[in-house]
Chemist: 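Okay, handing you the structure first.
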Amino acid sequence: MSRTEGLAAGSAVGRSGSAARVEPAARTPEEVLLGSDPLMNAARSALRRGAAGILPVLILGETGTGKELAARWLHALSPRRAERFSVIHCAALPESLLESELFGHEKGAFTGAVTARAGRFEHADGGTVFLDEIGELPPQVQVKLLRVIEYGEVFRIGSNAPLFVDVRTIAATHRDLGALLAQGRFREDLFHRLNGTSVLLPPLREHPGDIETLAAYFLLLYARARAEAPRALTAEAVELLRRHPWPGNVRELRNVLWRAAEAAEAELLTADDLRRALTLPGSGPSRAPVVDDEGCRLRDALEAERWNVTRAARRLGISRSWLHRLMRRHRLDA
């Protein structure tokens with residue numbers, strides 16, 4: 001039986017003296033984009049083509065589809081695999097800090113710049129920079145990024161002297177870049193440079209046949225971390241997973257399964273176990289499963305920022321006070 005077949009079947013893992021370490025970055029296509037649906041096959045093929053090439057790669061997909069994991073796998077397959085892989089979450093930093101983080105700054109360039117500092121592109125020279133949520137990039141930063149991709153030129157803040165780097169760029173977004181182009185919020189020349197190879201990660205609702213395989217894999221990861229045999233799902237539980245719309249996609253599926261496994265006492269996870277894991281905090285057992293897209297987007301942003309409300313508000317593009325109001329509406333407690 002192959003590794004993929006074993007995961008799909010939910011094969012047992014024996015207990016050991018200490019918990020196994022779950023790697024934060026996936027290393028095989030099965031661990032990144034598990035599933036046999038034609039949409040997933042196409043995504044894996046596009047990633048392999050991108051890894052073998054030299055052009056920038058643009059990964060498109062809804063929140064929770066695994067864009068960063070896909071980028072890490074692409075880097076691991078590329079000729080630059082032995083070099084640095086640097087990640088920038090473009091929505092998590094204000095414009096002033098984002099520019100410094102990407103391109104660095106000279107001493108005295110702004111208040112607080114007490115020493116010179118290299119940016120991520122300098123640090124990743126020879127390797128790969130992954131720009132997550134590229135659609136949130138401010139216009140001024142878009143201009144400087146274009147220079148890096150086009151000519152390999154980096155200008156630190158406070159300096160007119162270019163530094164030259166050799167960096168592969170992978171960008172990702174859940175936004176409709178076509179709409180941003182039409183609104184004048186994203187540069188067309190930057191879009192064409194970033195879109196050397198495009199990869200589309202489909203939402204989970206478009207390949208529901210892969211849900212059972214994914215569920216078995218996530219339960220296996222949970223079991224490894226606990227050094228125990230993996231849980232299994234009843235037929236009714238599998239059917240519930242297939243019916244749920246999964247607005248938070250693969251990330252939501254993983255989190256629901258781990259919450260259910262954490263709370264359940266029996267070896268078999270039932271539909272009731274999953275319903276409780278799908279229920280909003282504090283809403284009581286009679287509350288319907290979470291199917292609200294806004295609530296799931298809020299939870300995904302908060303979990304991505306480790307429940308830091310300020311950073312989650314920046315990621316969502318809303319004020320901190322408004323995020324608090326939405327959290328109260330959806331009974332989300334940081």
Chemist: With heavy-atom distances below 4.5 Å as the criterion, would you say the side chains of L77 and L47 are in contact?
Modeler: no
Chemist: Relative to each other, are the rings of F85 and F130 parallel, tilted or perpendicular (30° and 60° limits)?
Modeler: parallel
Chemist: Could you check whether E212 pairs with R242 (Lys NZ or Arg NE/NH1/NH2 to Asp/Glu carboxylate O, under 4.0 Å)?
Modeler: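 Answer for the salt bridge query: yes.
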Chemist: If I take atom CG from residue L180 and atom CZ from residue F191, how far apart are they, to the nearest 0.5 angstrom?
Modeler: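 CZ of F191 is found 10.5 Å from CG of L180.
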Chemist: How many angstroms lie between CG in L220 and CG in L257, if you round to the nearest 0.5 Å?
Modeler: 12.0 Å
Chemist: Please report the C-alpha distance between L278 and E252 in whole Å, then the side-chain angles of each, then the deciding distance to 0.1 Å, and finally whether the side-chain contact (heavy atoms from CB on, under 4.5 Å) criterion is met.
Modeler: CA-CA 9 Å; L278 279 163; E252 182 189 3; 4.2 Å; yes
Chemist: Which value, rounded to the nearest 0.5 Å, describes the distance between R231 atom CZ and L268 atom CG?
Modeler: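 The CG atom of L268 is 9.5 Å from CZ of R231, to the nearest 0.5 Å.
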Chemist: Should V129 and H123 count as side-chain neighbours, where that means a heavy-atom distance under 4.5 Å?
Modeler: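 Side chain of V129 against side chain of H123, heavy atoms only: no contact under 4.5 Å found.
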Chemist: Within this structure, what is the CG-CG distance for the pair L137 and L131, rounded to the nearest 0.5 Å?
Modeler: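 It is 7.0 Å, given to the nearest 0.5 Å.
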Chemist: Go through W246 and R251 one step at a time and tell me if the side-chain contact (heavy atoms from CB on, under 4.5 Å) criterion holds.
Modeler: CA-CA 9 Å; W246 300 112; R251 183 188 296 130; over 6 Å; no
Chemist: So which pairs with a foot in residues 150-162 pass salt bridge (charged side-chain N to carboxylate O under 4.0 Å, His left out), sequence neighbours left out?
Modeler: E106-R156, E122-R156, R147-E153, E150-R193
Chemist: What's the shortest heavy-atom distance between S198 and A46, and which atoms?
Modeler: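 Heavy-atom minimum between the residues: O-CB, 4.0 Å.
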Chemist: Heavy-atom distance under 4.5 Å between the side chains of V87 and R72, does that happen here?
Modeler: yes
Chemist: Mind listing the closest non-hydrogen atom pair of K67 and E62 along with its distance?
Modeler: NZ-O, 3.0 Å
Chemist: Quick one: do E136 and R185 make a salt bridge, cutoff under 4.0 Å?
Modeler: no
Chemist: Less than 4.5 Å apart, any side-chain heavy atom of L102 and any of L145?
Modeler: no
Chemist: From L74 CG over to R168 CZ, what is the distance, rounded to the nearest 0.5 angstrom?
Modeler: 6.0 Å
Chemist: Checking L177 against L58 for the side-chain contact (heavy atoms from CB on, under 4.5 Å) test, could you report, in this order, the C-alpha distance in whole Å, the side-chain angles of both residues, the deciding distance, and whether it holds?
Modeler: CA-CA 11 Å; L177 289 183; L58 180 61; 3.9 Å; yes
Chemist: Over all heavy atoms of both residues, which pair between L34 and R44 is shortest? Give the atoms and the distance, please.
Modeler: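 It is C-NH1, 4.2 Å.
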Chemist: What's the separation between atom CD in E99 and atom CG in L93, rounded to the nearest 0.5 Å?
Modeler: 12.0 Å
Chemist: Could you pull out the closest heavy-atom pair between N249 and P203, with the gap in Å?
Modeler: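 Smallest heavy-atom distance, with atoms named: OD1-CA, 3.2 Å.
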Chemist: Mind listing the closest non-hydrogen atom pair of T173 and G135 along with its distance?
Modeler: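 In this case the closest contact between T173 and G135 is OG1-N, 3.8 Å.
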Chemist: Show the nearest heavy-atom pair for residues L33 and A43, with the distance to one decimal.
Modeler: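 The answer is CD1-CB, 4.2 Å.
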Chemist: So, do H75 and V57 sit near enough that their side-chain heavy atoms are less than 4.5 Å apart?
Modeler: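 Not in contact.
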